[in-house]
Amino acid sequence: MRISDKPASDGRVPANERPGLSGPASRGLPVPPRERKPALAALAVLLILGGALATTLLVLRSGDRVSAVGVVQRVGAGQLIPASAMKEVEIADTGIDYVPWRYRGEVEKTYAAVTLLPGTLLTNPMLTRSSGELGPGKAIVGLSLRAGQAPVGMGKGDVVQVIYVPASGKGSAEQRVLAPAARVHSIGAPGRSGGGLVSIVVDASISPAVAAYASSGEIALAVLPGAG
């Protein structure tokens with residue numbers, strides 16, 4: 001005799017297990033297929049690639065070094081640029097209108113269009129082929145100055161006032177400005193007394209008077225700071 005707790009089965013499947021019948025899983029709303037946007041995905045990829053390429057180019061470009069002309073000593077506007085005022089500097093090629101070092105020989109034949117200060121990177125707008133200060137109507141006058149007739153530290157290219165200072169015993173003669181703005185063209189080695197030889201550029205119309213007063217020691221120079 002067979003003993004079992006399970007009821008005898010007649011081979012039929014229970015109704016709650018039959019396929020196709022309604023149930024919690026079968027009553028859910030249908031899920032629509034996920035919409036794909038290939039155009040947006042492609043655009044995102046292009047943006048990423050473009051940014052990476054731009055970054056790479058900037059890094060590579062920053063590594064490109066070129067030789068340019070740097071200024072190491074002050075050159076006044078209108079002055080011929082000497083070789084001693086230039087040095088080679090290495091800079092990044094960033095599109096600045098710099099003057100390449102290989103053209104330094106040509107620079108020596110040009111004049112400063114503006115006052116050049118030490119530490120400046122020379123660019124083409126700073127140069128000019130002619131100097132209005134040494135052109136027609138101008139004259140270079142040499143002065144032999146004594147101590148006290150020019151300020152200490154006066155340099156080549158400075159703008160100065162040329163002042164007539166009458167010697168003692170000249171009666172009613174008064175001092176006056178002969179040239180309100182003259183350019184120091186060159187400076188010689190100072191003498192033991194602190195004076196020295198100085199050449200200045202003045203209008204040709206007053207050069208005879210300046211030379212005459214300078215020969216008698218009645219000329220003084222006053223530097224005009226910032227007149228560069």
Side-chain angles (χ1 to χ4, degrees), residues 69-87 104 107-122 125-228:
V69 176
V71 180
V72 294
Q73 75 181 43
R74 189 179 186 277
V75 181
Q79 297 292 297
L80 197 64
I81 301 175
S84 59
M86 297 181 286
K87 78 168 184 177
R104 60 190 180 278
V107 174
E108 293 180 41
K109 303 174 185 178
T110 62
Y111 300 88
V114 295
T115 298
L116 306 179
L117 299 177
T120 303
L121 181 65
L122 197 63
M126 298 177 181
L127 308 176
T128 179
R129 287 289 179 182
S130 61
S131 172
E133 302 213 0
L134 296 176
K138 298 292 184 179
I140 300 176
V141 180
L143 311 175
S144 180
L145 303 178
R146 299 189 303 270
Q149 289 184 304
V152 176
M154 183 180 68
K156 177 181 177 181
D158 283 346
V159 177
V160 297
Q161 280 185 336
V162 182
I163 305 170
Y164 165 59
V165 182
S168 58
K170 283 291 184 80
S172 60
E174 297 182 356
Q175 66 181 32
R176 65 182 186 274
V177 176
L178 300 177
R183 180 77 65 177
V184 177
H185 184 261
S186 64
I187 296 181
R192 292 182 179 179
S193 61
L197 298 176
V198 178
S199 295
I200 59 174
V201 181
V202 298
D203 290 339
S205 60
I206 65 169
S207 61
V210 173
Y213 292 136
S215 64
S216 60
E218 297 176 295
I219 287 291
L221 302 180
V223 174
L224 302 176

### Query
Taking all atoms of both residues into account, what is the closest heavy-atom pair of Ala182 and Val202, and its distance?
CB-CG1, 3.7 Å
### Message
Can you give me the closest heavy-atom contact between Pro180 and Gln161, atom names plus distance?
### Response
O-CG, 3.3 Å
### Query
Closest approach of Glu108 and Met86, non-hydrogen atoms and distance?
CG-CE, 3.6 Å
#### Entry: 4.5 Å side-chain heavy-atom contact, Val75 and Pro82
yes
### Message
Given 3.5 Å as the limit, does a donor-acceptor pair link the side chain of Glu218 with the main chain of Tyr213, or not?
### Response
no
### Close side-chain approach of Leu221 and Ile163, heavy atoms under 4.5 Å
no
### Message
Within this structure, what is the CE-OG1 distance for the pair Met126 and Thr110, rounded to the nearest 0.5 Å?
### Response
12.0 Å
### Task
Evaluate the side-chain proximity of Met154 to Ile187: yes if any heavy-atom separation is below 4.5 Å, no if none is.
yes
### Query
Counting distance only, does the side-chain N/O of Gln149 pair as donor-acceptor with the main-chain N or O of Gly217 below 3.5 Å?
yes
### Task
May I have the step-by-step check of side chain to side chain contact (heavy atoms under 4.5 Å, CB included) for Leu122 and Leu127, ending in yes or no?
CA-CA 8 Å; Leu122 197 63; Leu127 308 176; 3.9 Å; yes
### Message
I'd like to know if the side chain of Arg183 reaches the main chain of Gly157, judged simply by a donor and an acceptor atom lying under 3.5 Å from each other, with no hydrogens or angles considered.
### Response
yes
### Query
Gln175 versus Pro166: any side-chain heavy-atom pair under 4.5 Å?
yes
### Query
Could you state the interatomic distance from NE2 (His185) to CG (Asp158), rounded to the nearest 0.5 Å?
14.0 Å
### Task
Could you tell me which non-hydrogen atom of Ser207 sits nearest to which non-hydrogen atom of Ala139, and how far apart they are?
CB-CB, 3.9 Å
### Message
Run Leu143 and Leu197 through side chain to side chain contact (heavy atoms under 4.5 Å, CB included) and show every step you take.
### Response
CA-CA 6 Å; Leu143 311 175; Leu197 298 176; over 6 Å; no
### Query
Just one of Ile200, Leu178, Val141 clears the side chain to side chain contact (heavy atoms under 4.5 Å, CB included) bar with Ile219, so which one?
Leu178
### Message
What's the separation between atom CD in Gln79 and atom OG1 in Thr115, rounded to the nearest 0.5 Å?
### Response
9.0 Å
### Query
Is there a side-chain contact between Ile81 and Lys109, using heavy atoms and a 4.5 Å cut-off?
no
#### Entry: Nearest heavy-atom neighbours spanning Ala181 and Val159
CB-CG1, 3.9 Å
### Summary
Note: Val165 and Ala220 closest approach over all heavy atoms is CG2-CB, 3.8 Å
